[in-house]
Amino acid sequence: MKKFLVYVIFFGNLIGIFALWWTKSNYYIMNPADGNLLIALGRITGLLGEYFILVQLILIGRIRPVEHLFGFDKLNAVHRFIGYSVLVFLLTHPLLLIAGYAESQGVSYLSQFGDFLANWEGVLLSFFALILFIFVIFISIAIVRRKLRYETWYFTHLLTYLAIGLALDHQLGTGDLRSGWPLYYWYILNFGVFGVVLGYRALRPLMRFAYHRFFIEKVVKETYDTWSLYISGRHMERFTFDAGQYVNITALRRGMWYTHPFSFSAAYNGSYIRLTIKALGDYTKKIEAFTPGTHVILDGPLGLFVRSKARREKFLFIAGGIGITPIRAMMETLAMERKDAVLLWGNKTESDIAFKQEFDAMHEYAPTIKIHHVISTPNTSYETGYIDKDKIALLVPDFNTREVFLCGPPVMMKIMLQNLKELGFDSSHIHYEKFSF
């Protein structure tokens, strides 16, 4: 029912935008001579471009009800698709209007473009906004994104808000939105979205921080390049979450003002929360330098990588490297319930294994919890190689009766999903979330 309501709001606004366009542009549509049809098409592409930018804000705005309905994975996939669609609308909007007005006025395209910039209200600012949007979309292309530091990519995306502000005057000062119900509708739509995003992305985490006063209690080294942050605060029993979920953390420390998502590596206990982080980038390499007492802002919990999504009561967990963190929290809860769960965990070397004593204690407490380490480098203590179809069939003979939870590097997850499908798993019994863009 909640998903249905989201779809109603989304398509209802689309219908409203087309109704607005028809009301204000029906003359151009019904009289397509002298560039009028191009002008009409230019207007609708502009309206759709702005609408889908607002949709993008909702998709990446950490709107907890929306994220809990669809999951980060699906929202991120839709976000990427709409991003490229927005670029099409934003480019065709000025091009169609330039062509339409140039034809109707009998002037060259270049002259019409110059007239827009010099004489039309807000057009010059919206031109700069268009450049910013193109730049942000360009750096979001996968091949470009991988070459950037996360912090560079993160702060560059904040230019989106500046671009929206620059374009707003143009939208409300010219075209279809100058007066009447279209103006009020556009105000409600824009400021409604901004209000929701501001509430969930900024105000809610700040209010939670004011209530809990989260701080780093201690930093514990798990392996040579992995550390656990133990975070405490006031009224911690009221900060509840499900094992498998994650939280966005912002450290109130110079040089660390970047928000990053990390999974809970320990189940809810009402006393502290634990995030376990591997040094993989510029930010995560600074984790070991965190000092106890550092305050942090937490936004969450978020995520649908949780046990309640399972349809079976027997579990198979497959982890790669630091992808063990949400799985470790889930297995802790299953061990307390004496559930049947098997873990296949791939690492490069034995020294990469974190939580070994904790997993041994889980198995001792609940023998139904079984852990198989698969090490890619030759060794005599564990399984050697990679987790594949043969390893799954060998180590978990009843694999096809289990619910699968998968977490690891993107390449590993892609290969593993193919392996699981070839083993006969239906997608409804496979659960995963990707945190890489």
Side-chain angles (χ1 to χ4, degrees), residues 72 212 214-233 236 239-251 259-281 283-288 290 292 294 296 298-308 315 317-337 339 341 343-347 351-363 365-366 369 371 373 405-409 412-413 431-436:
F72 179 84
H212 291 288
F214 298 113
F215 67 92
I216 296 174
E217 184 177 0
K218 61 180 177 179
V219 182
V220 175
K221 188 174 184 178
E222 304 289 355
T223 71
Y224 67 95
D225 65 349
T226 303
W227 289 266
S228 286
L229 299 182
Y230 286 76
I231 298 174
S232 189
M236 290 300 291
F239 187 80
T240 60
F241 59 89
D242 293 328
Q245 290 190 301
Y246 69 95
V247 68
N248 291 294
I249 179 173
T250 305
T259 300
H260 285 257
F262 297 110
S263 297
F264 300 106
S265 62
Y268 168 77
N269 55 49
S271 178
Y272 64 86
I273 64 174
R274 186 176 72 176
L275 309 177
T276 302
I277 302 166
K278 188 179 181 70
L280 296 173
Y283 179 91
T284 51
K285 288 178 180 178
K286 299 177 182 177
I287 296 298
E288 63 172 320
F290 272 25
T294 300
V296 294
L298 301 182
D299 177 17
L302 299 165
L304 296 179
F305 190 71
V306 292
R307 180 261 189 91
S308 61
F315 301 86
F317 294 98
I318 302 176
I322 197 60
I324 192 62
T325 51
I327 289 175
R328 188 257 170 242
M330 295 175 73
M331 292 191 70
E332 180 182 351
T333 62
L334 295 175
M336 290 187 289
E337 298 174 14
K339 293 292 185 180
L343 167 65
L344 303 183
W345 184 12
N347 280 292
S351 61
D352 289 303
I353 299 175
F355 314 126
K356 188 177 185 306
Q357 292 181 346
E358 295 179 9
F359 279 120
D360 290 344
M362 283 186 203
H363 175 67
Y365 177 78
I369 300 292
I371 298 96
H373 296 284
F405 285 83
L406 169 66
C407 190
M412 174 261 191
M413 291 176 66
H431 309 274
Y432 61 94
E433 282 187 326
K434 297 177 183 177
F435 290 94
S436 296

Answer yes or no: is there a side-chain heavy-atom contact under 4.5 Å between [X] and [Y]?
X	Y	answer
I324	F355	yes
M412	L406	yes
I231	I249	yes
R307	D242	no
F305	I327	yes
F359	M331	yes

Open item on the list: Has W345 got a side-chain atom pairing as donor or acceptor with G321's backbone, closer than 3.5 angstrom?
Closed with: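 Checking the backbone N and O of G321 against the side chain of W345, a donor-acceptor pair under 3.5 Å is found.
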
Open item on the list: Which residues pass the side-chain hydrogen bond (donor to acceptor under 3.5 Å, both in side chains) test with S228, not counting sequence neighbours?
Closed with: E222, T276

Open item on the list: Applying side-chain hydrogen bond (donor to acceptor under 3.5 Å, both in side chains), can you list everything that pairs with N269, at least two apart in sequence or on another chain?
Closed with: none

- [ ] Only counting residues at least two apart or in another chain, list the ones meeting ring pair (Phe, Tyr, Trp, His ring centres under 6.0 Å) with F214.
- [x]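 Once residues adjacent in sequence are excluded, the partners of F214 under the ring pair (Phe, Tyr, Trp, His ring centres under 6.0 Å) criterion are H212, F239.
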
Open item on the list: Holding to ring pair (Phe, Tyr, Trp, His ring centres under 6.0 Å), I want the full list of residues that pass it with H431, two or more places apart in sequence or in another chain.
Closed with: F405

Task: Sole residue of F241, Y246, Y272 in ring pair (Phe, Tyr, Trp, His ring centres under 6.0 Å) with F264 - done: F241

Task: Non-hydrogen atoms of G244 and A329 that approach each other most closely - done: N-CB, 4.3 Å

Open item on the list: Please find the pair of heavy atoms, one from A335 and one from A366, that lie closest to each other, and give the distance.
Closed with: O-CB, 3.5 Å

Going from [atom1] on [X] to [atom2] on [Y], what distance comes out if it is rounded to the nearest 0.5 angstrom?
X	Y	atom1	atom2	result
Q245	L304	CD	CG	8.0 Å
C407	M413	SG	CE	6.0 Å
N347	I353	CG	CD1	5.5 Å
L275	S263	CG	OG	8.5 Å
D225	S351	CG	OG	8.0 Å
I369	L334	CD1	CG	5.5 Å

Task: Residue pairs, two or more places apart or on separate chains, that pass salt bridge (Lys or Arg N to Asp or Glu O under 4.0 Å) and touch residues 320-329 - done: R328-E332, R328-E358

Open item on the list: Is it true that Y224 and D352 share a donor-acceptor pair across their side chains at a distance under 3.5 Å?
Closed with: yes

TODO: For atom CZ of F215, decide whether the heavy atoms of other residues, nucleotides or ligands shown that lie under 6.0 angstrom number more than 12.
DONE: yes

Open item on the list: Test of understanding: with side chain to side chain contact (heavy atoms under 4.5 Å, CB included), list the residues that count as partners of D299, not counting sequence neighbours.
Closed with: R62, P205, N248

Task: Derivation of the side-chain contact (heavy atoms from CB on, under 4.5 Å) call for L298 and I273 - done: CA-CA 11 Å; L298 301 182; I273 64 174; 3.4 Å; yes

Open item on the list: Which residue is it: S232, S271, P292? I am looking for the one with a side chain to side chain contact (heavy atoms under 4.5 Å, CB included) to E217.
Closed with: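 Option passing the side chain to side chain contact (heavy atoms under 4.5 Å, CB included) with E217: S232.
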
